[in-house]
Amino acid sequence: MGRWIRLPDKKIRKLAFLGLFAAAAILIGYVEAMIPVSLAVPGIKLGLCNIVVLLLIEFYSWREALAVSVVRILAIGFLFGNLFSIAYALSGSLFSIAVMTLLKKTGKFGILGISSVGGAAHNTGQVVMACLILKGFPWQLYLPVLLLTGLATGLVTGMTAYLTGSRLRGKVSPERQTDS
Amino acid sequence: MRTTLFRKADIFLIGAVASAAVLLLVLYVRQMSCLRTPELEILVDSRIYGTYSLSEDQEIRIGETCVCTIENGRVMMKTADCPDQVCVHTKAIDKNGGSIVCLPNKVILHIIEASDGGEVDTVAG
Amino acid sequence: MKKKMRKRFWTLGLIPVLAVGSLSGCGTKDSQSAERTGSFFNTVISIKIYDKDAEALMDGCFQLASEMEGIFSAQDSESELYSLNHRTSSVVTVSDDLADCLSEGLYFGEISDGAFDITIYPVRRLWDFENGTEVVPDEASIREAVQQVDASKVHLNGNEVTFDSPDTMIDLGGIAKGYISSKMKAYLKENGCQSALINLGGNVSTLGRKPDGSEWSVGIQKPFSDRGELLMTVTSSDSCVISSGIYERYFERGGRLYHHILDPRTGYPADTDLNQVTLIGDDDAACDALSTITMLVGREKAEEIIRTCYPELQVYFTDSENHIEKMS
């Protein structure tokens with residue numbers, strides 16, 4: 001029993017915040033699932049969850065972002081989707097997190113740049129998965145459209161993340177993992 | 001946030017991705033407008049199910065799961081047994097290109113160039 | 001400075017992509033080829049061959065067609081089948097080709113529970129769909145002819161055919177074209193040909209692919225429309241596309257449609273809800289026979305037979321409204 005009290009404060013704080021982020025991500029995902037998809041090109045997911053991913057990359061690292069994303073995807077997937085939607089979401093998230101982390105590492109880009117390209121990357125990951133699952137998938141049409149919409153929604157999520165992040169500064173656990 | 005909101009490099013980054021996307025789109029639209037005889041190709045689970053002329057009004061049954069229609073040169077998914085019904089709500093496609101996809105049923109309806117410009121090598125039946 | 005370089009890089013990068021984009025079209029390789037059309041088996045046959053010896057092979061194919069007509073034509077008084085039908089003894093020895101075809105015909109009679117019957121000739125010769133007389137035979141003649149239809153009266157032992165009755169007569173119209181196109185493909189293949197398209201009166205058979213590597217594209221005729229109006233297009237390579245339909249030969253009399261797919265059990269044209277059926281597979285004779293069987297027994301029964309005996313075939317059913325649907 002005594003062991004619990006002796007855990008460093010920081011770790012518990014971090015765990016608590018991650019839990020909050022995960023809950024937030026699931027909530028956002030839930031809301032997003034309610035919004036009807038576009039009629040022209042199906043499969044456009046707004047990618048609002050990227051707000052949380054961005055914050056996690058900013059305050060922690062890609063590991064935390066990935067962990068929370070996986071939790072969110074599985075939760076939303078089992079509630080609303082199926083095996084395929086989980087596959088698409090995972091592919092999109094993975095690619096998006098990878099791209100955003102790399103861009104951030106260079107230190108040359110701002111949040112807007114990172115998140116808009118991250119949004120585009122998210123959609124690209126989904127298209128790639130669709131092509132793998134369904135040979136003959138007409139990516140020549142879907143990819144460019146989704147790249148553009150990804151950029152657009154990415155800008156929005158980027159701005160939102162920035163505004164949220166500024167307010168969270170100092171309140172979220174200051175401990176950062178060493179960058180990989 | 002430690003990372004600033006916006007830096008000049010962002011313009012190039014976004015610009016590059018956007019240009020690539022626009023380029024791909026232009027190529028696609030171009031390819032579609034170059035179709036001398038566009039026709040509908042239906043793929044089921046990556047195999048060609050069949051190809052159909054757009055000039056012929058017809059209703060096509062795709063396996064047990066979907067039904068699509070060609071009417072006045074436009075293709076629409078009439079019914080499908082998938083839960084999300086996205087394909088049914090997708091805008092109709094016509095000779096200008098496009099595609100309707102039913103991911104759960106692995107059905108793809110898309111416009112392609114008819115082989116031999118609409119002329120088949122021979123006719124059976 | 002850095003920004004300028006970056007801008008330049010992107011502009012330069014786009015140019016080759018645009019250049020590639022403006023190219024279009026692909027060429028087809030030129031090959032030695034031959035194309036010929038002729039009249040055999042009461043119909044038009046058309047063959048296309050791509051091969052360095054295309055002309056010679058074409059001659060060979062037409063020679064083969066002529067030979068086959070000399071064996072299988074029930075109307076040609078000089079054919080082997082004619083002599084078989086006008087035999088003087090109940091036991092006749094026939095050529096390998098005829099024996100093979102008879103054997104296949106009897107087999108399909110079995111798996112179709114007698115719907116497909118090669119002894120249908122007595123019925124068939126009562127009807128005329130080709131010469132324009134358009135007569136509906138009287139009931140009595142039909143009944144009499146139907147009595148004479150019975151494939152179980154034919155026994156095949158190697159090249160020896162035994163008939164239990166002198167009235168039994170053979171018509172191989174439901175399977176001969178398939179048998180012949182198979183033979184033609186075998187002949188072409190033996191002689192090294194890798195690309196050919198054969199159309200025997202609407203029975204299409206393909207060898208390999210077109211010289212440019214693409215598959216042959218075969219249109220499926222729309223029933224009761226002008227020749228060339230299609231329901232759909234399929235691709236074929238090393239397979240056959242065989243379509244049977246009530247629209248191929250028919251006449252109308254007294255408001256009813258009489259077509260050439262006669263039911264050996266009734267003596268009258270088959271009455272199902274199908275306008276046409278198309279089979280795609282690699283056994284030409286089987287597809288030919290099965291297409292006739294389908295038109296005789298209807299969709300459900302045909303699906304049963306095909307699923308049991310030939311599950312790998314692709315089948316398209318065209319109903320009376322010309323809606324075409326693939327068998328799953």
Side-chain angles (χ1 to χ4, degrees), chain B residues 7-9 11-13 15-20 22-37 39-42 44-45 47-65 67 69-70 112-125, chain C residues 2-3 6-7 9-11 13-14 17-18 20-22 24-25 46 48 197-199 202-206 210 214-223 227-236 240-245 247-248 276-280 291 316 318 321-326 328:
Chain B
R7 296 180 66 170
K8 279 256 179 91
I11 299 186
F12 288 104
L13 188 61
V17 176
S19 328
V22 168
L23 191 74
L24 281 175
L25 205 55
V26 164
L27 286 178
Y28 178 83
V29 170
R30 214 178 161 161
Q31 192 189 37
M32 286 297 136
S33 63
C34 274
L35 294 183
R36 286 172 297 153
T37 30
E39 60 175 22
L40 171 69
E41 182 180 77
I42 300 183
V44 176
D45 201 7
R47 281 183 335 239
I48 299 180
Y49 178 81
T51 53
Y52 306 82
S53 160
L54 294 175
S55 51
E56 181 72 51
D57 281 6
Q58 49 181 305
E59 190 174 283
I60 303 160
R61 207 137 203 236
I62 308 167
E64 319 263 318
T65 57
V67 176
T69 57
I70 303 180
I112 57 161
E113 170 74 79
S115 41
D116 270 338
E119 272 164 35
V120 290
D121 294 313
T122 192
V123 177
Chain C
K2 262 193 185 169
K3 287 175 196 171
R6 203 177 280 164
K7 260 199 168 149
F9 169 72
W10 285 112
T11 343
L14 288 179
V17 187
L18 280 167
V20 171
S22 50
S24 63
S46 175
K48 202 184 233 173
L197 176 67
I198 300 171
N199 188 332
N203 280 21
V204 175
S205 197
T206 60
K210 293 198 278 198
S214 63
E215 294 192 300
W216 300 93
S217 79
V218 181
I220 297 180
Q221 173 70 35
K222 182 176 181 195
R227 187 81 200 155
E229 262 196 65
L230 310 174
L231 269 185
M232 66 180 282
T233 311
V234 295
T235 54
S236 164
C240 65
V241 180
I242 295 187
S243 216
S244 240
Y247 57 91
E248 292 173 289
Q276 175 197 57
V277 64
T278 309
L279 287 99
I280 305 177
S291 69
Y316 292 86
T318 309
E321 316 264 304
N322 276 349
H323 284 146
I324 188 164
E325 192 177 323
K326 185 172 177 169
S328 40

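Protein chains get the first letters and strands the later ones, always in sequence-line order, with residue 1 at the start of each.
Between B:Thr51 and C:Met232, the shortest heavy-atom contact is O-CB, 3.4 Å. In this structure, B:Gly125 and C:Ser243 approach most closely via the heavy-atom pair CA-CB, 3.1 Å. Across all their heavy atoms, C:Tyr316 and B:Tyr49 have their closest contact at OH-O, 2.9 Å.
In this structure, chain C has a heavy atom under 4.5 Å from the side chain of B:Glu64, while its backbone stays farther away.
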Problem - side chain to side chain contact (heavy atoms under 4.5 Å, CB included) assessment of B:Glu59 paired with C:Glu321 - result: CA-CA 10 Å; B:Glu59 190 174 283; C:Glu321 316 264 304; over 6 Å; no
Problem - Residues C:Val218, B:Val120; criterion side chain to side chain contact (heavy atoms under 4.5 Å, CB included); working and verdict - result: CA-CA 6 Å; C:Val218 181; B:Val120 290; over 6 Å; no
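Interatomic distance, OG1 of B:Thr122 versus CG of C:Asn199, reported as 3.5 Å (0.5 Å rounding). Atom-to-atom distance recorded for B:Gln58:CD and C:Asn322:CG is 9.5 Å, nearest 0.5 angstrom. For the atom pair NZ of C:Lys326 and CD1 of B:Ile42, the computed distance is 10.5 Å after rounding to the nearest 0.5 Å.
Looking only at heavy-atom pairs under 4.5 Å with chain B, the residue among C:Gln276, C:Lys48, C:Lys222 that has the most is C:Lys222.
Proximity of a side-chain donor or acceptor of B:Asp121 to a complementary backbone N or O of C:Ser217 within less than 3.5 Å is detected.
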